[in-house]
Amino acid sequence: EVHAEEAVGQAAVLAQDAVRRVEVRPVAVDDIRAWMGDFSAIKNVAKFAARMGQCFSCTNTSGRLLVSKDEFEEIADIKTADNKYTFSDGIGMISSSFAKEATSAVPNHRGRLPSAFQIRFAGYKGMVTVSPNMEPHLKLKLRPSMRKFQSDHLQLEIIQASRLLPGHLNRQIILLLATLGVKERVFIDLQKRMTSQLDDCVCSEKVGMQFLAHEHCVRDVGAPTTLLHSMLKSGFRFGGTAHVLTEPFMEAMMLAYRNCRLAQLEDKARILVEKAACLHGVLDESGHLDYGEVHVRIRDSEGRLAVVTGPVVVAKNPCLHPGDVRVLVAMAAPEPDGDDRS
């Protein structure tokens, strides 16, 4: 009887599935391409493939992040008088109210409003900065430099929001800094300090927590470093004495973490710089900053917001030309009262 009931159930499922299959219309490759957007204006094969790949970016979205054609507009790029340089390349604006909605689509955002978002929208790509003074009926202001192809997909997709990433040197930056006169001893000392701290990671919970705190403040909830950080905060121990109960799994994970960081150090010269951060760079839409100035605000792993002031070294990624490394002055640019963006 049990087998008979299972057979009847399977038959009902198959019958329902057959009905569904009849209703499904075959989808051709051309239908998928038409749904993605209009790429007919792109004649270069490599660029054509890259623009199609833009539709497959790993993004976070929500059904609420819909934008009608009346809720966004295209504004002019900011260029030099001879149109040789575009200062606003790939940068637009998003309203404060819509930015709060977009924040809900960002994993592990911790309820705070970011300063900028990296987005994909209707064939546009790039960064949008939060604009408190945007017209009430608008959600987005985008620029021609952001438009890569035509599309009617009017749903905002978030790749990531502005956040603090640990600052590291790599082979490109080290080579350029050495070319610009920085002594090799500086890099060797930073490397020795990092390897020493990584060795202490598997013996000292305090050092291990310091290293993992850098990773914890930026990773997604399911990342291994975040899980390690949470386990240490919950009371799991490793490398203890005879009077402290240790967890073998924690010891193995910390050792694997150390080996991974050492491999990155060997392959890419990825040296951690404690007083450095990897941040999103955007245009100063307010016009408060002068040439050679930058406004830097960061939020640490404890949620504390800080504004950096004084001389700073700024490098872009990828970093290929000596001009990609600059010494600028960080300024405390005036902001509206109660502004808690990071």
Side-chain angles (χ1 to χ4, degrees), residues 39 41-44 46-48 50-51 54 57 72-96 99 114-135 138-151 156 159-162 172-173 175-177 179-181 277-297 307-336 339 341:
F39 305 93
I42 305 174
K43 304 304 180 183
N44 183 282
K47 183 176 288 188
F48 185 93
R51 297 301 177 235
Q54 180 177 323
S57 301
F72 79 95
E73 68 177 12
E74 191 172 284
I75 59 177
D77 275 301
I78 301 175
K79 301 182 179 182
T80 54
D82 58 359
N83 290 330
K84 187 176 181 180
Y85 299 104
T86 302
F87 297 112
S88 59
D89 186 20
I91 302 173
M93 290 181 282
I94 182 172
S95 68
S96 297
S115 295
F117 299 86
Q118 186 179 5
I119 67 162
R120 299 287 187 269
F121 171 76
Y124 292 83
K125 64 175 290 190
M127 298 289 299
V128 288
T129 59
V130 178
S131 175
N133 303 318
M134 190 177 294
E135 293 84 341
L138 290 177
K139 293 182 177 180
L140 294 170
K141 287 186 176 181
L142 307 174
R143 290 188 162 95
S145 59
M146 302 175 67
R147 187 179 66 247
K148 307 304 178 183
F149 58 90
Q150 297 290 340
S151 174
L156 182 67
I159 293 183
Q160 57 183 332
S162 57
Q172 294 177 353
I173 298 177
L175 179 61
L176 289 182
L177 289 177
T179 302
L180 294 172
C278 181
L279 306 172
H280 290 92
V282 293
L283 174 72
D284 173 31
E285 300 278 1
S286 66
H288 290 137
L289 299 176
D290 293 328
Y291 179 79
E293 295 179 346
V294 63
H295 178 65
V296 181
R297 55 168 53 194
V307 176
V308 179
T309 58
V312 293
V313 177
V314 178
K316 63 184 290 292
N317 187 25
C319 192
L320 305 173
H321 186 274
D324 293 337
V325 181
R326 301 283 303 279
V327 177
L328 305 175
V329 179
M331 305 293 293
E335 296 289 346
D339 187 2
R341 290 175 292 161

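Numbers here simply count residues along the sequence, with the first being 1.
When all heavy atoms of I42 and F48 are compared, the pair lying nearest together is CG2-N, 3.6 Å. Pairing each heavy atom of S96 with each of P132, the nearest pair is OG-CA, 3.2 Å. The heavy-atom pair separating V130 from P114 by the smallest distance is CG2-O, 3.3 Å.
Of the inter-residue distances, the one linking F87 atom CZ with L283 atom CG reads 9.5 Å to the nearest 0.5 angstrom. The structure places CD1 of I91 at 11.5 Å from NE2 of H280, a figure rounded to the nearest 0.5 Å. One distance of note links CZ of R51 with CZ of F39; it measures 9.5 Å at 0.5 Å rounding. The structure places CG of L180 at 11.5 Å from CZ of R326, a figure rounded to the nearest 0.5 Å. Atoms OG and CD, on S162 and Q118 in that order, are 11.0 Å from each other to the nearest 0.5 Å. Distance check, rounded to the nearest 0.5 Å: CD1 of I119 to CD1 of I94 gives 7.0 Å.
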Evaluate side chain to side chain contact (heavy atoms under 4.5 Å, CB included) for L138 paired with S95, printing each intermediate quantity in order. CA-CA 7 Å; L138 290 177; S95 68; over 6 Å; no
Show your working on side chain to side chain contact (heavy atoms under 4.5 Å, CB included) between V307 and V296 and close with a plain yes or no. CA-CA 6 Å; V307 176; V296 181; over 6 Å; no
Just do the side chain to side chain contact (heavy atoms under 4.5 Å, CB included) check on K125 and M146 with the steps written out, would you? CA-CA 5 Å; K125 64 175 290 190; M146 302 175 67; 5.9 Å; no
Apply side chain to side chain contact (heavy atoms under 4.5 Å, CB included) to K139 and F72, showing your working. CA-CA 6 Å; K139 293 182 177 180; F72 79 95; 5.9 Å; no
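The pair E74-R143 fails the salt-bridge criterion, with no side-chain N (NZ, NE, NH1 or NH2) lying under 4.0 Å from an Asp/Glu carboxylate O.
In this model, a donor atom of one side chain and an acceptor atom of the other lie less than 3.5 Å apart for S145 and D77. Between the side chains of T80 and D82, at least one donor N or O sits under 3.5 Å from an acceptor N or O.
Between V327 and V312 there is no side-chain heavy-atom pair separated by less than 4.5 Å. Considering only heavy atoms from C-beta on, P318 comes within 4.5 Å of Q172 through its side chain. Residues E73 and L142 fail the side-chain proximity criterion, which asks for heavy atoms closer than 4.5 Å. Side-chain contact between P311 and L328 is absent, with no heavy-atom pair separated by less than 4.5 Å. When side chains are defined from C-beta on, H295 counts as touching L289, because their heavy atoms get closer than 4.5 Å. Taking the side chain as every heavy atom from C-beta outward, L140 and L156 approach each other to under 4.5 Å. In this structure, I75 and K141 have side chains that are in contact, with non-hydrogen atoms separated by less than 4.5 Å. Side-chain atoms of S115 and T129, non-hydrogen and from C-beta on, never get closer than 4.5 Å to each other.
Of the possible donor and acceptor atoms, one in the side chain of D284 sits under 3.5 Å from a partner among the backbone N and O of H288. Of the possible polar contacts, one joining the S88 side chain to the I78 backbone as a donor-acceptor pair under 3.5 Å is found.
The one candidate from I159, D89, V282 that meets the side-chain contact (heavy atoms from CB on, under 4.5 Å) condition with M127 is V282.
Within 6.0 Å of atom NZ in K47, 12 or fewer heavy atoms from other residues, nucleotides or ligands are found, so the atom counts as exposed in its surroundings.
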